[in-house]
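Count residues from 1 along the sequence.
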Amino acid sequence: QVQLVESGGGLVQPGGSLKLSCVASASGSIFSINAMGWYRQAPGKQRDLVATTTSNGGTNYADSVKGRFTISRDNAKNTVYLQMNSLKPEDTAVYYCNAEGVIYQPIGTIINNYWGQGTQVTVSS
């Protein structure tokens with residue numbers, strides 16, 4: 001089992017910046033992480049993709065955040081970041097980290113999709 005722990009959310013004024021972090025771990029297991037990404041869910045709305053990154057650094061962004069948000073990762077630390085600039089009220093949502101984790105066991109590898117618990121981002125004056 002891979003655990004994802006997010007941090008960095010909070011309240012910020014329009015035009016401000018926040019940086020989210022998500023650390024992946026798997027206690028007692030040998031594991032690796034393939035794609036990682038961020039999704040968000042506003043009240044009453046579905047969970048939508050914000051940005052994703054592959055293990056070799058490829059990135060993909062939702063049109064609504066292009067030019068304002070930057071996703072990056074540190075493979076050595078199994079950590080993905082989301083730098084959010086020029087924040088708007090419509091960016092207000094719970095932000096969830098997502099990762100495809102690979103756990104290596106003597107009987108074989110297990111690949112699953114994992115979610116963090118979410119971190120609230122509120123953009124308001």
Side-chain angles (χ1 to χ4, degrees):
Q1 188 81 355
V2 173
Q3 293 81 40
L4 303 176
V5 178
E6 302 115 328
S7 61
L11 173 64
V12 64
Q13 292 186 343
S17 298
L18 280 176
K19 186 173 184 178
L20 306 182
S21 301
C22 172
V23 181
S25 63
S27 179
S29 298
I30 300 173
F31 74 103
S32 63
I33 301 294
N34 293 334
M36 301 186 81
W38 292 93
Y39 292 71
R40 66 186 181 187
Q41 187 168 20
K45 295 188 177 182
Q46 66 181 18
R47 189 174 299 186
D48 291 326
L49 179 147
V50 176
T52 60
T53 179
T54 61
S55 57
N56 62 4
T59 59
N60 179 52
Y61 295 92
D63 288 342
S64 59
V65 306
K66 283 181 180 177
R68 300 188 298 124
F69 291 10
T70 302
I71 189 169
S72 62
R73 66 189 286 173
D74 184 334
N75 290 330
K77 296 180 179 180
N78 293 310
T79 300
V80 64
Y81 306 96
L82 185 67
Q83 177 66 48
M84 305 185 291
N85 298 328
S86 303
L87 283 161
K88 305 175 181 179
E90 50 264 44
D91 294 318
T92 296
V94 177
Y95 284 69
Y96 295 91
C97 178
N98 175 267
E100 182 180 83
V102 183
I103 295 180
Y104 301 92
Q105 296 183 339
I107 60 171
T109 59
I110 301 174
I111 301 174
N112 270 324
N113 195 45
Y114 298 93
W115 292 93
Q117 80 287 354
T119 184
Q120 177 70 46
V121 172
T122 303
V123 185
S124 175
S125 55

Exercise. Looking at side-chain heavy atoms only, is the closest gap between Val65 and Met84 below 4.5 Å?
Worked result: no
For this session: Answer whether the closest heavy-atom distance between the side chains of Gln83 and Ser17 falls below 4.5 Å.
Result: yes
For this session: Measure the CG-CD1 distance between Asn112 and Ile103 for me, rounded to the nearest 0.5 Å.
Result: 7.5 Å
Exercise. Which residue pairs satisfy the ring-ring contact (aromatic ring centres under 6.0 Å, His included) criterion with at least one member in residues 52-100, sequence neighbours excluded?
Worked result: none
For this session: Quick one: list whatever passes salt bridge (Lys or Arg N to Asp or Glu O under 4.0 Å) with Arg47, sequence neighbours left out.
Result: none
For this session: For atom CD1 of Ile30, decide whether the heavy atoms of other residues, nucleotides or ligands shown that lie under 6.0 angstrom number more than 12.
Result: no
Problem set entry | Min side-chain heavy-atom separation Lys88-Arg68 under 4.5 Å | yes
For this session: Please name the pair of heavy atoms, one in Leu4 and one in Ala99, separated by the smallest distance, quoted to 0.1 Å.
Result: CD1-N, 3.8 Å
Seminar exercise, completed: Taken to the nearest 0.5 Å, the spacing of Ser25 OG from Gln3 CD works out to 4.5 Å
Problem set entry | Approximate separation, where rounding is to 0.5 Å, of Asn85 CG and Lys19 NZ | 10.5 Å
Exercise. Can you list the residues that meet the salt bridge (Lys or Arg N to Asp or Glu O under 4.0 Å) rule with Lys66, with sequence neighbours excluded?
Worked result: Asp63
Seminar exercise, completed: Output for pair (Asn60 CG, Thr52 OG1), nearest 0.5 Å, gives 4.5 Å
For this session: Quick one: which residue pairs count as a ring-ring contact (aromatic ring centres under 6.0 Å, His included) with a foot in residues 31-50, not counting sequence neighbours?
Result: Tyr39-Trp115
Exercise. What's the spacing between Ser21 OG and Arg73 CZ if we round to 0.5 Å?
Worked result: 14.0 Å
Exercise. Nearest 0.5 Å, what's the CD1-CD distance between Ile110 and Gln1?
Worked result: 9.5 Å
Exercise. Are Val50 and Val23 connected, step by step, through hydrophobic side chains (Ile, Leu, Val, Met, Phe, Trp, Tyr) whose heavy atoms are closer than 4.5 Å?
Worked result: no
Problem set entry | Pairs involving residues 106-125, ordered by first then second residue, that meet salt bridge (Lys or Arg N to Asp or Glu O under 4.0 Å) (sequence neighbours left out) | none
Exercise. Between Gln41 and Gln46, does a side chain to side chain donor-acceptor pair (under 3.5 Å) hold up when you go through it step by step?
Worked result: CA-CA 6 Å; Gln41 187 168 20; Gln46 66 181 18; over 6 Å; no
Exercise. So do the side chains of Val121 and Leu18 get within less than 4.5 Å of each other, counting heavy atoms only?
Worked result: yes
Exercise. Hey, quick one: are Tyr114 and Leu20 part of the same hydrophobic cluster, counting side-chain heavy atoms closer than 4.5 Å, chains of contacts allowed?
Worked result: yes
Exercise. Would you say Thr79's side chain and Lys77's backbone share a donor-acceptor pair under 3.5 angstrom?
Worked result: yes
Exercise. Would you say the side chain of Ile33 lies within less than 4.5 Å of the side chain of Asn75, judging by non-hydrogen atoms?
Worked result: no
Problem set entry | Heavy-atom check, side chain of Thr70 versus side chain of Leu82, under 4.5 Å | no
For this session: Quick one: which residue pairs count as a salt bridge (Lys or Arg N to Asp or Glu O under 4.0 Å) with a foot in residues 33-43, not counting sequence neighbours?
Result: Arg40-Asp91
Problem set entry | Side-chain heavy atoms of Leu11 within contact of Ser124, under 4.5 Å | yes
For this session: Report yes if the side chains of Asn34 and Thr54 come closer than 4.5 Å at any heavy-atom pair, otherwise no.
Result: no
Problem set entry | Main-chain N/O of Cys22 paired with Glu6 side-chain donor or acceptor, under 3.5 Å | no
